[in-house]
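Within every chain, numbering begins at 1; the chains are lettered A, B, ... in the order of the sequence lines, protein sequences first and strands thereafter.
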2 protein chains.
Amino acid sequence: MTNSEILSNHLKNQGVKPSIQRIKIYEFIRNHAIHPTADDIYNHLVKEIPTLSVATVYNTMHLFEQKGIVRTISIDNHQTRFDWNMTPHGHFQCKVCGTIYDLEANLNQMNISELDGFQVDESHYYFKGLCKSCINK
Amino acid sequence: MTNSEILSNHLKNQGVKPSIQRIKIYEFIRNHAIHPTADDIYNHLVKEIPTLSVATVYNTMHLFEQKGIVRTISIDNHQTRFDWNMTPHGHFQCKVCGTIYDLEANLNQMNISELDGFQVDESHYYFKGLCKSCINK
DNA sequence: ATTCAATTTTAGAATAATTCTAATTTTGTA
DNA sequence: TACAAAATTAGAATTATTCTAAAATTGAAT
Ligand SMILES: [Mn+2]
Ligand SMILES: [Mn+2]
Ligand SMILES: [Zn+2]
Ligand SMILES: [Zn+2]
């Protein structure tokens with residue numbers, strides 16, 4: 001079974017019809033753990049699929065989000081980033097190099113009493129600052 | 001000393017020259033603890049100051065942010081919201097009524113070992129879901 | 001008071017991420 | 001092959017924010 005076939009089956013299992021575009025987009029976000037923007041995805045894939053449109057990238061990411069395949073994060077307030085890692089985790093963005101690091105800690109462990117009686121569907125946390133490698137320069 | 005004079009002095013103490021626009025904007029965010037958008041601020045104040053421009057609202061909020069008078073939060077990731085409460089705290093946004101609740105817990109208490117050697121300047125966290133009063137309907 | 005440079009405000013144009021629209025292409029089934 | 005449903009597409013529309021250059025305001029120095 002080729003890599004593409006494996007990814008294609010993943011999508012089917014999540015209830016997504018695997019078109020060429022959807023497989024390539026899924027492949028990209030799985031292989032580039034960089035929390036890409038729609039633009040990152042488009043610019044990378046348009047070389048392989050010259051007819052690709054940004055609308056398809058957005059359509060696909062919205063579909064993936066709805067099916068629980070990706071989630072969106074908003075650290076930069078003006079540009080949505082996508083994350084294939086669905087386990088509850090957080091982020092750190094370096095102000096110098098821009099890298100977004102994953103943080104394993106699960107926010108739900110905080111057990112905030114003010115939320116008693118509330119229904120919590122999503123939780124997000126992130127830090128900003130300077131990463132270790134940028135400090136050592 | 002009038003209320004306006006008190007706010008005016010607050011601004012002076014933070015190194016901000018208190019123009020009429022700046023005082024009114026500061027007054028608005030202090031009296032309406034609703035994490036307003038630039039648009040909220042503009043639409044409320046343009047009734048009092050008919051010549052007010054959105055550019056002034058943005059200019060002022062950027063200045064306030066730089067001086068440590070407000071901070072920005074991005075829960076809706078398409079529209080920046082402003083928060084006058086500078087103590088480290090988090091938020092909960094209800095998907096039904098849209099209300100943004102403050103949460104007192106301080107994220108920095110989590111003490112995330114992955115950040116050892118990193119310089120953390122900002123920390124943010126928020127939840128989304130249904131608030132108690134929307135559930136009881 | 002008058003002058004004048006620095007600061008602030010302003011209107012509207014520009015920018016940029018995202019969504020919308022309507023046409024075209026692809027897919028799967030009969 | 002026929003055809004309806006689903007997916008993709010180009011480009012226009014929308015919208016939050018930033019930019020620009022002109023006008024207004026401020027405040028010190030005369
Ligand atoms: Mn992540
Ligand atoms: Mn708050
Ligand atoms: Zn860095
Ligand atoms: Zn609610």
Given dT8(C), is OP1 or OP2 found less than 4.0 Å from the side-chain N or O atoms of Thr56(B)? no
Checking the side chain of Arg22(A) only, and the main-chain atoms of Lys17(A) only, is there a donor and an acceptor separated by less than 3.5 Å? yes
Sidechain-backbone polar pair: His32(B) side chain, Phe28(B) backbone, donor-acceptor under 3.5 Å: yes
Which pairs, protein N/O on one side and nucleotides 11-13 of chain C N/O on the other, fall under 3.5 Å?
residue : atom : partner  : partner atom : Å
dA11(C) : OP2  : Thr51(B) : O            : 3.3

When you check the side-chain N and O atoms of Ser113(B) and Asp116(B), is any donor under 3.5 Å from an acceptor? no
With sequence neighbours excluded, tell me which residues meet side-chain hydrogen bond (donor to acceptor under 3.5 Å, both in side chains) with Glu65(B). Thr72(B)
Applying side-chain hydrogen bond (donor to acceptor under 3.5 Å, both in side chains), can you list everything that pairs with Asp121(B), at least two apart in sequence or on another chain? Lys95(A), Gln119(B)
Hey, can you pull the residues of residues 58-72 of chain B with a non-hydrogen atom under 4.0 angstrom from DNA chain C? Asn59(B)
Within a strict 4.5 Å, meaning less than it, do heavy atoms of the Ser74(B) and Tyr126(A) side chains meet? yes
For DNA chain D, which residues of residues 7-19 of chain B approach it to below 4.0 angstrom with any heavy atom? none
Closest listed nucleotide, where the reference is the side chain of Gln21(A) and the choices are dT9(C), dT17(D), dT8(D): dT8(D)
To the nearest Å, give me how far apart CD1 (Ile23(B)) and C1' (dT9(C)) are. 15 Å
Base, sugar-phosphate or nothing for Thr37(B)? Non-hydrogen atoms, less than 4.0 Å. nothing
Phe127(B) and Phe118(A) aromatic centres sub-6.0 Å: no
The side-chain contact (heavy atoms from CB on, under 4.5 Å) partners of Asn85(A) (sequence neighbours excluded) come to Asp83(A), Thr87(A), His89(A), Asp102(A)
